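Encoded as structure tokens, the structure appears first; notes follow it.
Worth saying up front: this structure is predicted, and the values here are computed from it rather than measured.
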Amino acid sequence: MGTKNKKLPGVPVERLHIRCIISIVDEILRGVIPLKLDASKYAWASKRTVVFGSRGMVATSQPLAAQAGLDVLKSGGNAVDAAVATAAALTVVEPTSNGIGGDAFAFVWSNGELHGLNASGPAPMAADANFLREQGYSEIPQRSIYSVTVPGVPAAWASLIGRFGKLNMMQALKPAIEYAENGFPVSPTVAGLWKEAFNLYSRHSKLPEFAEWFNVFALDRKTPAAGEFWCSPLHAETLREIAETKAESFYNGELAEKIHEFSQKHGGWLNKDDLASFSPQWVKPLGINYRGVDIWEMPPNGQGVIALMALNMLKGFEFGKGDFMNPEVCHKQIEAIKFAFTDGLEFIAEPRAMDVIADDFVSDEYANYRRGFIKAKANSLRRTRPAKGGTVYLATADSDGNMVSMIQSNYTGFGSGLVVPATGIALHNRGCNFNLIESHPNCLRAGNRPYHTIIPGFMTRNGRALGAFGVMGAFMQPQGHLQVIMNMLDFGMNPQEALDAPRWQWIQNKKILVENSFPLKTAEKLRQVGHDVTSLPEKANYSQIGSFGRGEIIIKLDNGAYAGAAEPRADGHVAVW
């Protein structure tokens with residue numbers, strides 16, 4: 001069935017552009033997001049506390065990367081310079097989750113305005129879904145040259161620095177270059193994910209196109225243990241060239257030639273013309289008002305609208321402050337996510353391929369219609385099989401009030417597993433988010449960007465910045481956004497409590513996965529209303545733990561100070577000045 005004349009359920013054919021109602025109640029922040037720790041009533045409570053600062057803050061999943069951003073702030077950079085420094089450092093110190101050959105999205109709050117950057121790359125112009133179908137594929141293979149789309153990360157860094165930065169690219173990338181050149185001790189979560197990745201890529205070790213992955217990331221057939229030093233001179237050289245050319249080499253120069261040659265040698269579609277024609281897009285953020293706070297996400301081709309769709313349904317219900325683990329609350333959250341995901345996966349794609357517009361996703365008509373389907377029993381709704389993501393998130397803030405919410409990714413771990421020789425560039429496999437269904441708007445088509453899982457988030461109130469947030473992790477991301485936002489705005493948690501709280505994860509149909517800290521009584525009540533609930537194994541591996549998302553939050557207080565929180569499911573860290 002084609003996509004002609006299709007529309008979101010409950011949205012009139014005459015698409016209404018509903019503007020969110022902005023709350024005019026001038027509450028102080030502590031009335032919306034409390035910052036006094038009162039976690040003793042929760043069995044899951046950690047000993048971690050919110051971190052405060054005033055002159056600058058960086059929150060991300062790896063301490064050395066956070067410190068790199070803080071060092072740039074201290075050397076005269078702003079929040080944007082710090083974000084690029086942190087992002088570049090993460091490609092070195094957390095290569096298990098992102099890389100130079102991946103994609104990126106960012107929100108920038110500057111001079112009282114929120115800006116969105118979409119640096120996701122399109123499918124190469126030679127991409128051919130019919131070719132893959134003829135080869136017997138029903139979906140795009142993850143570990144293959146056909147999963148590679150145009151990488152957007154270097155262009156994102158250049159665009160951010162060029163429009164909002166105070167420093168130049170070399171100054172911003174200097175910490176990352178030094179980490180790559182001189183080495184660094186690997187952090188525990190990264191070491192664990194690295195070992196798991198080695199076991200995965202070893203299945204392909206005899207194929208020539210995978211040889212460079214082992215040369216760069218598993219020399220002598222081993223990966224670094226926690227605390228062991230690792231360095232990558234190739235990364236350093238590539239980062240230096242990106243800095244010196246403001247990313248031009250990656251798209252029009254020597255690095256582009258190397259990517260082109262590697263792709264062509266192994267039968268890939270990506271070529272130097274695809275790289276040369278790419279540029280990121282500055283986009284208008286998409287938002288709703290939830291409990292007096294404006295929640296902002298990226299418009300399609302990203303899946304951030306799924307979080308907004310679910311929140312819009314849920315704002316029609318009232319929840320008590322103590323209801324965080326109430327089974328009825330969890331049930332409603334899960335059902336809202338199901339409907340949002342089901343509709344989102346049907347429609348989200350490259351905007352020009354879609355039959356609906358962004359405002360339709362967040363209309364009151366759609367929310368009211370779908371809310372009516374949330375009943376006392378669990379619905380059976382399908383979505384694509386779960387994927388384990390490889391993504392990093394970071395948030396930065398400076399003394400001038402600038403804030404950045406940024407995310408970048410190679411999609412699954414190191415991505416495709418294909419590394420461009422003599423560069424250290426691991427090419428992502430973001431093309432796997434296309435499908436091969438000819439009539440579907442998200443079918444693989446030359447020049448289109450795929451449905452994209454990575455989504456930064458931002459909050460404002462009464463037209464002022466309130467905070468940057470994100471929860472990485474493939475299809476968990478909208479679910480993580482919803483749970484973290486509701487933890488703060490509905491259930492009165494401070495940012496660290498909101499991140500620490502146990503999470504559920506909808507897989508498909510009625511299948512729900514919960515963390516070990518999730519209350520047994522709540523899980524049993526969910527089973528009684530039809531949910532198929534299972535828990536993580538007691539000795540879950542790093543990938544299983546990370547599948548519940550890994551996030552960071554920075555909140556701006558009314559007095560100008562910042563409150564930061566970091567993810568306990570990773571090596572999360574808040575660097576503060």
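- Contact detail for Val58 and Ala82: the closest heavy-atom pair is CG2-CB, 4.4 Å.
- For the atom pair CZ (Phe469) and CD1 (Ile553), the distance works out to 8.0 Å, reported to the nearest 0.5 Å.
- Atom CG of Asn199 is surrounded by more than 12 heavy atoms from other residues, nucleotides or ligands within 6.0 Å.
- Side chains of Thr391 and Arg550: no donor on one and acceptor on the other come within 3.5 Å.
- Without hydrogens or angle criteria, Ser147 side chain to Gln142 main chain gives a donor-acceptor distance under 3.5 Å.
- A 6.0 Å sphere centred on NZ of Lys258 holds more than 12 heavy atoms belonging to other residues, nucleotides or ligands.
- Here the two rings, on Trp296 and Phe107, have centers that are 6.0 Å apart or farther.
- His115 pairs by the ring-ring contact (aromatic ring centres under 6.0 Å, His included) definition with Phe164, not counting sequence neighbours.
- Residues Asn301 and Asn448 have side chains that never bring a donor and an acceptor to within less than 3.5 angstrom of each other.
- Glu212 and Asn215 are linked by a side-chain donor-acceptor pair at a separation below 3.5 angstrom, with hydrogens and angles left out of the test.
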Next on the checklist: Set out, in order, the CA-CA distance, both residues' side-chain angles and the distance that settles side-chain contact (heavy atoms from CB on, under 4.5 Å) for Val108 and Leu160, then state yes or no.
Outcome noted: CA-CA 9 Å; Val108 177; Leu160 289 165; 3.6 Å; yes
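- Taking 4.5 Å as the limit, some side-chain heavy atom of Arg449 sits within range of a side-chain heavy atom of Asn118.
- Side chain of Ser263 to main chain of Leu270: a donor-acceptor pair is present (N/O by atom type, distance under 3.5 Å, no hydrogens or angles).
- In this structure, a donor-acceptor pair under 3.5 Å is absent between the side chains of Asn182 and Glu178.
- Taken to the nearest 0.5 Å, the CD1 atom of Ile454 stands 11.0 Å off from the OH atom of Tyr411.
- In the model, Tyr393 has a side-chain atom that pairs as donor or acceptor with a side-chain atom of Ser405 under 3.5 Å.
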Item to check | Audit row: Ser232, Val216, side-chain contact (heavy atoms from CB on, under 4.5 Å) steps and yes/no | outcome: CA-CA 7 Å; Ser232 178; Val216 173; 4.2 Å; yes
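- Across all their heavy atoms, Gly415 and Tyr201 have their closest contact at O-OH, 3.1 Å.
- Side chain of Ser416 to main chain of Ile145: no donor-acceptor pair is present (N/O by atom type, distance under 3.5 Å, no hydrogens or angles).
- With Gln62 contributing its side chain and Ala65 its backbone, the two residues share a donor-acceptor pair below 3.5 Å.
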Next on the checklist: What verdict does the side-chain contact (heavy atoms from CB on, under 4.5 Å) test give for Val484 and Leu499, after you've listed the backbone C-alpha separation in whole Å, the side-chain angles of each residue and the deciding distance to 0.1 Å?
Outcome noted: CA-CA 6 Å; Val484 166; Leu499 289 176; 4.1 Å; yes
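- At distances below 3.5 Å, at least one donor-acceptor pair connects side-chain atoms of Gln408 with backbone N or O atoms of Ala87.
- Annotation: Tyr251 is in aromatic contact with Phe278 [ring centroid separation under 6.0 Å].
- Side-chain atoms of Glu94 and Asn98 form no donor-acceptor pair, as typed in the model, at a separation below 3.5 Å.
- Judged by distance alone, the side chains of Ser75 and Gln171 never bring a donor and an acceptor atom under 3.5 Å apart.
- Among residues two or more places apart in sequence or in another chain, the salt bridge (charged side-chain N to carboxylate O under 4.0 Å, His left out) test is passed with Arg240 by Glu181.
- The shortest side-chain heavy-atom distance between Asp274 and Trp269 does not fall under the 4.5 Å cut-off.
- Under the ring-ring contact (aromatic ring centres under 6.0 Å, His included) criterion, Phe105 pairs with His452, sequence neighbours left out.
- A donor-acceptor contact shorter than 3.5 Å links the side chain of Gln303 to the backbone of Ala474.
- Distance alone, capped at 3.5 Å, places no donor-acceptor pair between the Thr238 side chain and the His235 backbone.
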Item to check | Verdict with reasoning, His204 to Trp213, per side-chain contact (heavy atoms from CB on, under 4.5 Å) | outcome: CA-CA 10 Å; His204 309 281; Trp213 187 89; over 6 Å; no
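- Closest heavy-atom contact between Pro95 and Val190: CD-CG1, 4.4 Å.
- Defined by atom type and a distance below 3.5 Å, a donor-acceptor pair is present between the side-chain atoms of Arg430 and Ser409.
- Judged by distance alone, the side chain of Gln496 and the main-chain N or O of Ala566 form a donor-acceptor pair under 3.5 Å.
- Considering all non-hydrogen atoms of both residues, Met169 and Ile161 come closest at SD-CG1, 4.0 Å.
- Atom CG of Asp571 is separated from atom OG of Ser61 by 7.5 Å, given to the nearest 0.5 angstrom.
- Taking NZ of Lys166 as the reference point, atom CG of Asp400 lies at 6.0 Å (rounded to 0.5 Å).
- A distance of 11.5 Å separates CG of Asn435 from OH of Tyr451, quoted to the nearest 0.5 Å.
- Remark: side-chain polar atoms of Trp109 are not paired, donor with acceptor, to backbone N or O of Ala468 under 3.5 angstrom.
- Ala172 and Asp81 make their closest contact through CB-O, 4.1 Å (heavy atoms, listed as atom of the first residue, atom of the second, distance).
- The aromatic rings of Phe198 and Phe214 sit perpendicular to each other, their planes meeting at more than 60°, with 30° as the lower class boundary.
- Using modelled atom types, no side-chain atom of Ser187 and backbone atom of Thr189 make a donor-acceptor pair closer than 3.5 Å.
- Smallest separation of non-hydrogen atoms from Ile100 and Trp157: CG1-CH2, 4.5 Å.
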